[in-house]
Amino acid sequence: MKMSALRNYLNKIKPNFEEGGKMHAFRSVFEGFESFLYVPNDTAKSGVNIHDAIDSKRIMSIVVIALIPAMLFGMYNVGYQNYAAAGTLANASFWCIFFYGFLAVLPKILVSYIVGLGIEFTWAQWKGEEIQEGYLVSGIIIPLIIPVNCPLWMLALACAFAVIFAKEIFGGTGMNIFNVAIATRMFLFFSYPSKMTGDTVWVAKDTIFGLGNNLPDSFTAATPLGQIGQGVTPDVSLCDMICGFIPGSIGETSVIAIAIGAVILLWTGIASWKTMCSVFVGGIVMALVFSGLDMTPISWYEHILLGGFCFGAVFMATDPVTSARTETGKYIYGLLIGALAVIVRVMNPGYPEGMMLAIFFGNMFAPLIDYCVVQRNITKRANRVK
């Protein structure tokens, strides 16, 4: 009944936003909210069209659902790291730990969506175009791939830069060649490296509404990969690596939470298993090579479990817009990203992560990979005719 009343209300005010209506200037905003709430009733009237049971809104919604386990665990881990650093973990309840992390992460999610969607709405109004759903996913991924201590104004600036220069100038959703979340993180990393890496950005240090603990400004806590970059052997157990009770970017630490998201994406067919699996194969093979050459102080599986490797492989390398689209190209694209991530980690001690650059270069070469695959198929078919 409530949904029917809402539908009737939208139908009643819709003429005001159509051509000739007194609020025609805000037509794209109205259509954006309407299409978010309901499936559009418009149908194509010309050309050849393939009707499918899924649209971009459903795709984005499923990806957001798949990200929820990583987001929720990330919130808990933010609180866990604060209480553990203060030595008060034994006296804290689950809900105190979780709500502290929730309050620490929520402002970043809000800033990401307010800035990103605000620019998309403004851009759509200016161009007289429909508002796309693409930023629904980017808006939640961005807060999950940054440290908890990243200032909100830096996040807002990075989101604005990425949406404008990595998406809108290319034509908007479906036209960008670089993943928006990766562009945001790269802007932050190269513009404000001291707030994106090191040993002072990974653990929240202040109380929030009476929850959490005040830690001294001098408190430091490096990620396991950061310790390796400093020539120190990580002091974390395999269980902590898998569960995620380690310092790191908000949503990247728990392999279990990320695996739940991966199952959702693969089961629904949203993500390509060829791309996802190829990233892991490329990373494992390259890690085995470096381990065999005794060039890395950690085991091959630790390269996969630590840092943003799993998160990037599941949620960002599989972006259908910026990844390779040919079936053979997906294998090449995934292998390139996985191998390159480990190469950057091992060969450049000053940059212990690697996954961000690997996906960026993967996005860059994806069109070339597809072009080469298509041309090879054309050549093979031409040779059969001869």
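What you see is a predicted model; the values in this text were computed from it and never measured.
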Should [X] and [Y] be counted in the same cluster of Ile, Leu, Val, Met, Phe, Trp and Tyr side chains packed under 4.5 Å apart?
| X | Y | value |
| --- | --- | --- |
| Tyr301 | Met355 | yes |
| Val203 | Leu152 | no |
| Leu225 | Ile284 | yes |
| Tyr371 | Met175 | no |

Problem set entry | Partner residues of Glu252 under the salt bridge (charged side-chain N to carboxylate O under 4.0 Å, His left out) criterion, sequence neighbours left out |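 Checked Glu252 against salt bridge (charged side-chain N to carboxylate O under 4.0 Å, His left out); zero matches.
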For this session: Return the set of residues passing salt bridge (charged side-chain N to carboxylate O under 4.0 Å, His left out) with Lys274 (not counting sequence neighbours), or none when no residue passes.
Result: Glu327
For this session: Count the heavy atoms of every other residue, nucleotide or ligand shown that sit under 6.0 Å from CZ of Phe189, and state whether that count exceeds 12.
Result: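 Enclosed: over 12 neighbouring heavy atoms sit under 6.0 Å from CZ of Phe189.
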Exercise. Counting only heavy atoms not in Met347, do more than 12 sit closer than 6.0 Å to its CE atom?
Worked result: no
Has the side chain of [X] got a donor or acceptor atom that lies under 3.5 Å from a matching backbone atom of [Y]?
| X | Y | value |
| --- | --- | --- |
| Arg345 | His303 | yes |
| Ser299 | Glu302 | no |
| Ser112 | Lys108 | no |
| Asn383 | Thr379 | yes |
| Thr296 | Phe290 | no |
| Trp273 | Gly269 | no |
| Thr253 | Gly244 | yes |
| Asn77 | Ile246 | yes |
| Asn363 | Thr322 | yes |
| Lys195 | Val201 | no |

For this session: Answer yes or no: is there a side-chain heavy-atom contact under 4.5 Å between Cys96 and Tyr83?
Result: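 Counting from C-beta outward, Cys96 and Tyr83 do come under 4.5 Å.
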Exercise. Are Cys150 and Leu188 side-chain neighbours, meaning at least one heavy-atom pair lies under 4.5 Å?
Worked result: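 A side-chain contact under 4.5 Å exists here.
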Roughly how far, to the nearest 0.5 Å, is the [atom2] atom of [Y] from the [atom1] atom of [X]?
| X | Y | atom1 | atom2 | answer |
| --- | --- | --- | --- | --- |
| Phe99 | Met75 | CZ | CE | 10.5 Å |
| Ile140 | Leu136 | CD1 | CG | 9.5 Å |
| Met186 | Met356 | CE | CE | 5.0 Å |
| Glu353 | Thr197 | CD | OG1 | 9.0 Å |
| Phe315 | Leu67 | CZ | CG | 4.5 Å |
| Arg185 | Asn179 | CZ | CG | 12.0 Å |

Side chain to side chain contact (heavy atoms under 4.5 Å, CB included) involving [X] - partner list, sequence neighbours excluded:
| X | result |
| --- | --- |
| Ile177 | Phe170 |
| Thr207 | Asn214 |
| Ala204 | Val78, Tyr100, Val148, Asn149 |
| Asn377 | Val373 |

Partners passing ring-ring contact (aromatic ring centres under 6.0 Å, His included) against [X] (at least two apart in sequence or in another chain):
| X | result |
| --- | --- |
| Phe178 | Phe360 |
| Phe280 | Phe309 |
| Phe98 | none |
| Phe94 | Tyr76 |

Which heavy atom in [X] sits nearest to a heavy atom in [Y], and how many Å separate them?
| X | Y | answer |
| --- | --- | --- |
| Thr184 | Ala162 | OG1-CB, 3.0 Å |
| Arg325 | Pro320 | NE-O, 3.7 Å |
| Thr223 | Gly248 | CG2-CA, 3.8 Å |
| Met276 | Ala262 | SD-CB, 4.0 Å |

Ignoring hydrogens and geometry beyond distance, is a side-chain donor-acceptor pair present between [X] and [Y] at under 3.5 Å?
| X | Y | value |
| --- | --- | --- |
| Thr275 | Tyr331 | no |
| Asn82 | Asn213 | yes |
| Asn91 | Thr88 | no |

Exercise. With ILVMFWY side chains joined below 4.5 Å, transitively, what does Val374's cluster contain besides itself?
Worked result: Ile378
For this session: Taking the six-membered ring for Trp and the full ring for Phe, Tyr or His, determine whether the centres of Phe102 and Trp95 are under 6.0 Å apart.
Result: no
Problem set entry | Where at least one partner belongs to residues 143-167, residue pairs that pass salt bridge (Lys or Arg N to Asp or Glu O under 4.0 Å), sequence neighbours excluded | Glu120-Lys167
